[in-house]
Asker: 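This is the structure, below, for whatever I ask next.
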There are 2 protein chains.
Amino acid sequence: MSKPADHQQLFENALDRLRTSGYKVTAARRDLLKILCQTGDHLTSTDVIEKAAQAKRPIGRASVFRTLDLLTELGIIRPTYLHRGAPNYIVMPENGHHAHIICRDCSQVIEINECSIDEMIDALEVRHNIEITGHLLELYGKCKDCE
Amino acid sequence: MSKPADHQQLFENALDRLRTSGYKVTAARRDLLKILCQTGDHLTSTDVIEKAAQAKRPIGRASVFRTLDLLTELGIIRPTYLHRGAPNYIVMPENGHHAHIICRDCSQVIEINECSIDEMIDALEVRHNIEITGHLLELYGKCKDCE
DNA sequence: ATCTTATTGATACTTAATCTCAATTGGAGT
DNA sequence: ACTCCAATTGAGATTAAGTATCAATAAGAT
Ligand SMILES: [Mn+2]
Ligand SMILES: [Mn+2]
Ligand SMILES: [Zn+2]
Ligand SMILES: [Zn+2]
């Protein structure tokens with residue numbers, strides 16, 4: 001019955017995964033992750049740069065992009081395309097699970113916690129009073145070529 | 001038991017959806033869609049520009065971006081984030097259904113035709129001898145605010 | 001406290017995407 | 001088939017996003 005992990009928990013866990021993978025937990029990486037975890041997610045690189053600057057803890061452009069790339073490789077965050085323009089990054093919880101509905105008209109994003117596609121879609125259509133007309137499912141894993 | 005629609009079919013159908021939505025079927029739009037439908041998908045804006053030029057049917061940069069945006073709004077194509085860099089566009093069949101597995105190591109993309117998540121994931125792990133550790137599911141629809 | 005190496009960030013640069021506007025064209029109407 | 005016009009295109013200029021370089025810094029191991 002996992003409630004959506006609260007921000008602090010998500011943040012700590014993300015840091016752990018970073019550390020466990022053998023990378024240093026630097027100020028830039030910690031700040032970026034904190035920003036992503038706190039702000040209801042879905043931020044672009046530019047959003048991160050601005051928020052860091054606002055918080056008087058600026059992160060260099062290069063470092064922001066490097067960190068977003070690194071965290072993506074590690075599966076800690078994931079880029080998505082919501083509105084248009086630059087990718088929006090979300091923090092992936094350790095169970096590697098995230099789903100949302102994107103309205104094709106207004107681009108509104110409705111976060112969802114349920115899962116199990118077929119019944120799931122039926123249930124979601126009722127619960128959110130929305131007609132779901134399509135989906136993109138991205139599964140992440142490690143293929144046999146990569147052992 | 002829908003076999004994956006062949007390219008020509010997918011292309012014709014995409015054109016229909018474009019026309020039905022009230023937009024003109026221009027050379028630029030037709031060429032772009034043809035390129036996307038033929039080339040096993042997953043093309044960036046730059047890929048499209050290059051392929052059009054190679055085929056001696058160049059499409060202006062502005063038009064490529066405009067068309068990609070339009071087709072995305074109409075739900076005919078969809079940007080995804082595969083390797084890194086610019087978004088990769090795929091053509092969404094009329095049933096609005098597409099799924100692939102992305103290897104977290106080599107970024108290899110394995111296209112899949114099955115569906116129904118939970119059992120699906122188990123089956124896929126066996127079939128492709130891959131361990132699936134996470135997923136992102138994007139559902140598309142029209143929210144109640146948009147009637 | 002010292003040391004080593006990963007990481008940072010300023011700057012310069014390249015590539016992706018947007019804007020503007022005159023020229024073109026799809027397709028509706030006759 | 002011909003006319004007409006709003007929708008669309010594309011060249012070129014501009015802005016934004018992302019990358020490369022490299023000397024300076026700091027995380028964390030010993
Ligand atoms: Mn979301
Ligand atoms: Mn695919
Ligand atoms: Zn909406
Ligand atoms: Zn692989």
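Hydrogens, waters and symmetry mates play no part in the numbers below; they use all other heavy atoms, side chains included. Note that the coordinates shown come from a computational prediction; the quantities given were computed from them, not determined experimentally. Lettering follows sequence order; numbering is per chain, from 1.
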Asker: Check whether any side-chain nitrogen or oxygen of A:Ser45 sits under 4.0 Å from OP1 or OP2 of D:dA17, and answer yes or no.
Answerer: no
Asker: Once hydrogens and angles are ignored, does a donor-acceptor distance under 3.5 Å link the base of D:dG10 to the side chain of B:Arg61?
Answerer: no
Asker: For every nucleotide of nucleotides 20-30 of chain D, 5' to 3': is a protein heavy atom under 4.0 Å from its base (B), only from its sugar-phosphate (S), or from neither (-)?
Answerer: B------BS--
Asker: For B:Pro79 and B:Tyr89, work out which heavy atoms get closest and say how close.
Answerer: CB-CE2, 3.7 Å
Asker: Quick one, A:Pro87 and A:Tyr81 - any side-chain contact, counting heavy atoms below 4.5 Å?
Answerer: yes
Asker: Got a sec, which residues hit salt bridge (charged side-chain N to carboxylate O under 4.0 Å, His left out) with B:Asp122, two or more places apart in sequence or on another chain?
Answerer: none
Asker: With heavy atoms of chain B within less than 4.0 Å as the criterion, where does contact along DNA chain C begin and end?
Answerer: C:dA16 to C:dG27
Asker: Using atom CG of B:Leu68 as one end and atom C1' of D:dT9 as the other, report the distance to the nearest whole Å.
Answerer: 15 Å
Asker: Using a 3.5 Å distance criterion without hydrogens, assess whether the side chain of B:Asp47 forms a donor-acceptor pair with backbone atoms of B:Thr44.
Answerer: yes
Asker: What are the two closest heavy atoms between A:Ser45 and A:Val64, and how far apart are they?
Answerer: O-CG1, 4.0 Å
Asker: Side-chain donor-acceptor pairs under 3.5 Å in residues 27-38 of chain B, sequence neighbours left out?
Answerer:
from	atom 1	to	atom 2	distance (Å)
B:Arg29	NH1	B:Lys24	O	2.9
B:Asp31	OD1	B:Arg57	NH1	3.1
B:Asp31	OD2	B:Arg57	NH1	3.3

Asker: Looking only at heavy atoms, what is the nearest atom pair of B:Arg66 and B:Ser63, with distance?
Answerer: NH2-OG, 3.0 Å
Asker: In whole angstroms, how far is the C1' atom of D:dT14 from the CZ atom of B:Phe65?
Answerer: 14 Å
Asker: Looking just at side-chain N and O atoms, do B:Glu12 and B:Gln8 make a donor-acceptor pair shorter than 3.5 Å?
Answerer: yes
Asker: Would B:Thr20 and B:Arg17 count as having a side-chain donor-acceptor pair, cut-off 3.5 Å?
Answerer: no
Asker: Looking at residues at least two apart in the chain, or sitting in another chain, which of them share a salt bridge (charged side-chain N to carboxylate O under 4.0 Å, His left out) with A:Arg84?
Answerer: B:Asp69
Asker: Nearest 0.5 angstrom please: A:Leu71 CG to A:Leu18 CG, how far?
Answerer: 6.0 Å
Asker: On DNA chain D, compare the nucleotides closest to A:Thr46 and B:Val64; which residue's is nearer the 5' end?
Answerer: B:Val64
Asker: For A:Asp47 and D:dA16, give me the distance from atom CG to atom P, rounded to whole Å.
Answerer: 14 Å
Asker: At what angle, to 10 degrees, do the two end axes of the helix from C:dA1-D:dT30 to C:dT30-D:dA1 meet, given five pairs define each axis?
Answerer: 60°
